[in-house]
Amino acid sequence: MNSALAPRGSALLELSDARFENTFVRDLPADAAALNTRRLVLKANYTRVAPTAVAAPRLLAWSDALGQQLGLARPAATGPGTEVLAGNRVLPGMEPYAARYGGHQFGVWAGQLGDGRAITLGELIARDGSRQELQLKGAGLTPYSRTADGRAVLRSSLREFLCSEAMHFLGVPTTRALSLVGTGESVIRDMFYDGNPQAEPGAVVCRVAPSFLRFGNFQIHAAHGEAEELKRLVDYVMRRHFPEAGSLTAWFHEICRRTAVLMSDWMRLGFVHGVMNTDNMCVLGLTIDYGPYGWLEGYDPMWTPNTTDAEERRYCYGNQPQIALWNLARFAEALLPLMPKEDLEAGLELYGDVYQESFGRALAQKLGLAALDQEGDEDLLTGLFAVLNGVETDFTLFFRGLSSVTESGDDAQLVAPLRRSFYAETPAAHVARLAAWLRRYLARAARDGGSAAARAQRMNGVNPKYVPRNYLAQQAIDSLAEGDAAVLERLMKVLERPYDELPENDALAERRPEWARHKAGCSALSCSS
Ligand code: AMP
Ligand code: MG
C-alpha cells in the first residue's frame, strides 16, 4: 500500500505526518464553480471548500481509542495538530469538500440540504488498512449552509463526540469521533425556540467514518434527473465500500440488511436517534448525525427525546424500525432508474425479515435464552412488555437487573434486583404481577439448561450497565463549559466498558434523578445545535 500510514505496532504519528488520499474528490464530479456562496448546486457530488479558521482553537477532548486505531497521537491542547482539527490549517494532501445531498425531512422532500457545516478534509489510511474520512463538523459556511451559520455549539458537539464513541463500544455500527475542539468563538442559538437567542461557546468535532454518504446523496440526483451522476455515485460506493456485493441488486439488499441490523441494535439498547430524516441515514448502515438523541429511561414506545417532534412523535422509539423501512423505500425510489422495481421491493422485504430475525435474537439474548421459539414464548414476551408498561421502569436497569433475579418464594425478594429500575412508588399489585412474570421467566430459562451463573454472564454481555444518559452528558457539558474536562473524561472511560461491572462507577449507572426529568438537555432536547 503506497500511502499506508503507520504499520501496525509502530509509534503513533502526529496528524501532520499522516498521509491522505482523496478518492471521493478524484472519482466523482465536482461542482463546476468552486465558489463558497450559498446556492443550488447541480450535477455534482461535492463542492471544494476550505474550513473557515476560528479565533482560538483548543483541544477539549480526544478519543484515545480511535487515535490508537488510526495510529494518531493526541495533539497538544494548542498547536499545529489542534489547528488542523479546528479547520485552521489544511495539511498538504488534503482536498477539503462539502458534499451535496438532499433528503426527506419529517416525511416531506426538502430538496437540497448538503454539508452545511461539515467539511471533509481527506481520507486517512488507518493502521488496520481501512480508509477513513476525517470530517470537521462546525467548520464554517459552505454552499449548502442555507440560512444557517456553518457553526456548532459546544453542548451538541460534546454530545456527538461522547455518543459516537459510546455506541462503538456498545457494539453498534456508527460514525466515530476523534476530537472535540473549542473554537474560542461564540455562536448565537435560540435553544428553546422561544425568541431568546443567547451566545454559547462554539466547537468543532472531527468525525471519522469510511464514508458519510447518506440516502440523500443518491436522492438528490434522482430529484434532478441526473441519471449519469447517479450511476457514477453508485459505481463509486460499490467499488469503494461494497467490493463483495457483485451486483446492483446485491448492493441494495446489503444496505437493507445493514439498516435492519442497525435498527435491531438501537431497539435492543433503547437508543432513540430523534431525527431519522433520509439525509441522516448512512448507506453503510452506520448511526450518523447525533442530534437530539436519547436513551429510553422509563420504558415508553412513544418516547422521543426531540422536543421538535413532541407533537407528531414520528421518530419515537417504537416507530424507528418502521421509519427506517420508509426511508429505504424513498432511497429505493431514487434507484429506480438503475434496477428492476421487483429487486428493490425484494430488498424492502428482506429488511423486514432481517429485522424480525435480528431483533428476535436480540430479545432472546437479553433474556439469556437460546431462542424465543418455544410454545409460550410469545406470551412470555407479551407479559414482559406488560410489566414494563405497568409502572415507569428504566429500560437499561431492568434488563441489567434481570440477570441477578434468583428463585425465591417471597415476591419482595424476587423483585428486589429490579427495584432500582422503578421511577415511582410500586403498588403491591404491580409487584405481584412482576413476581408472577419472573417465576414464569425463571422456569422458562431453567428449561434451556445451563447454570444460572452462566446465563447471568451472557446477559450482562448484552445488557449494558452504562449508557450515555442525557443527564450525564449534560453534566459533562456543564463541567466542560467551566473548563473542567474530568467529568467527560471519566464518563468516556467508563463508556469504553459498558457491559462491565466497574463498581467504583456505580453512580454513573443510576436511573435518571428526578431533578433531571424536565431540565433542559437532561431528558428531552430541541434540534438547536
Ligand atoms: P440536521 O437536521 O442536523 O441533520 O441538518 C439538516 C441540514 O441542515 C443539513 O444540511 C445540515 O448541514 C444543515 N445545518 C444544520 N445546522 C447548520 C448550521 N449551523 N449551519 C449550516 N448548516 C446547518
Ligand atoms: Mg444531518
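We count ligands from 1, going down the list as the structure has it; atoms in each ligand are counted the same way. One-based numbering along the sequence shown.
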Arg239 and Thr23: side-chain donor and acceptor closer than 3.5 Å? no
Pair listing, salt bridge (charged side-chain N to carboxylate O under 4.0 Å, His left out) test, anchored in residues 517-529, at least two apart: Glu392-Arg517, Glu514-Arg517
Around atom CZ of Arg314, are there more than 12 heavy atoms from other residues, nucleotides or ligands closer than 6.0 Å? yes
Look at atom 7 (C) of ligand 1 and say which protein heavy atom is nearest, naming residue and atom and giving the distance to 0.1 Å. Arg146 NH2, 3.0 Å
More than 12 non-hydrogen atoms from neighbouring residues, nucleotides or ligands closer than 6.0 Å to CZ on Arg490, yes or no? yes
Tyr101 heavy atoms within 4.0 Å reach ligand 1 at atoms 9 (C), 10 (O)
Between Asp149 and ligand 1, is there a nitrogen or oxygen pair with a distance under 3.5 Å? yes
Heavy-atom nearest neighbour in the protein, as seen from atom 20 (N) of ligand 1, with distance rounded to 0.1 Å: Gly150 N, 2.8 Å
Is there a donor-acceptor pair closer than 3.5 Å between any side-chain N or O of Glu123 and the backbone N or O of Phe24? yes
Could you tell me, atom by atom, which parts of ligand 1 come under 4.0 Å of a heavy atom of Asp289? 4 (O)
Considering only non-hydrogen protein atoms, determine which one is nearest to atom 5 (O) of ligand 1 and report residue, atom name and distance to 0.1 Å. Asp279 OD2, 4.6 Å
Can you pull out the closest protein heavy atom to atom 6 (C) of ligand 1? Residue, atom name and distance to 0.1 Å, please. Gln105 NE2, 3.7 Å
Among all the protein's non-hydrogen atoms, which is closest to atom 21 (C) of ligand 1, and how far away is it? Gly116 O, 3.1 Å
For ligand 1, find out whether one of its N or O atoms is nearer than 3.5 Å to an N or O atom of Tyr144. no
Could you point out which residue of His168, Gln68, Glu165 forms a side-chain hydrogen bond (donor to acceptor under 3.5 Å, both in side chains) with Ser63? Glu165
For Tyr499 and Phe169, I'd like to know if the aromatic rings sit close, meaning centre-to-centre distance below 6.0 Å. no
Arg189 near ligand 1, heavy-atom distance under 4.0 Å? yes
Atom indices of ligand 1 within 4.0 angstrom of Asn280 heavy atoms, with elements: 4 (O)
Could you check atom 10 (O) of ligand 1 against the protein and tell me its nearest heavy-atom contact, residue, atom and distance included? Gly114 O, 2.6 Å
Top protein contact for atom 3 (O) of ligand 1, by heavy-atom distance: Arg117 NH2, 4.2 Å
Looking just at side-chain N and O atoms, do Thr174 and Tyr290 make a donor-acceptor pair shorter than 3.5 Å? yes
At the Mg ion (ligand 2), what's the angle from Asn280 OD1 to Asp289 OD2, rounded to 10 degrees? 80°
Looking at atom 16 (N) of ligand 1, would you say a protein heavy atom lies below 4.0 Å from it? yes
If you count the non-hydrogen atoms of other residues, nucleotides and ligands that lie under 6.0 Å from CD in Gln322, is the total more than 12? no
Looking at Trp266, Phe359, Tyr355, which hits side chain to side chain contact (heavy atoms under 4.5 Å, CB included) with Pro321? Tyr355
Do me a favour and list the nearest non-hydrogen protein atom to atom 18 (C) of ligand 1 with residue, atom name and distance? Ala148 CB, 3.3 Å
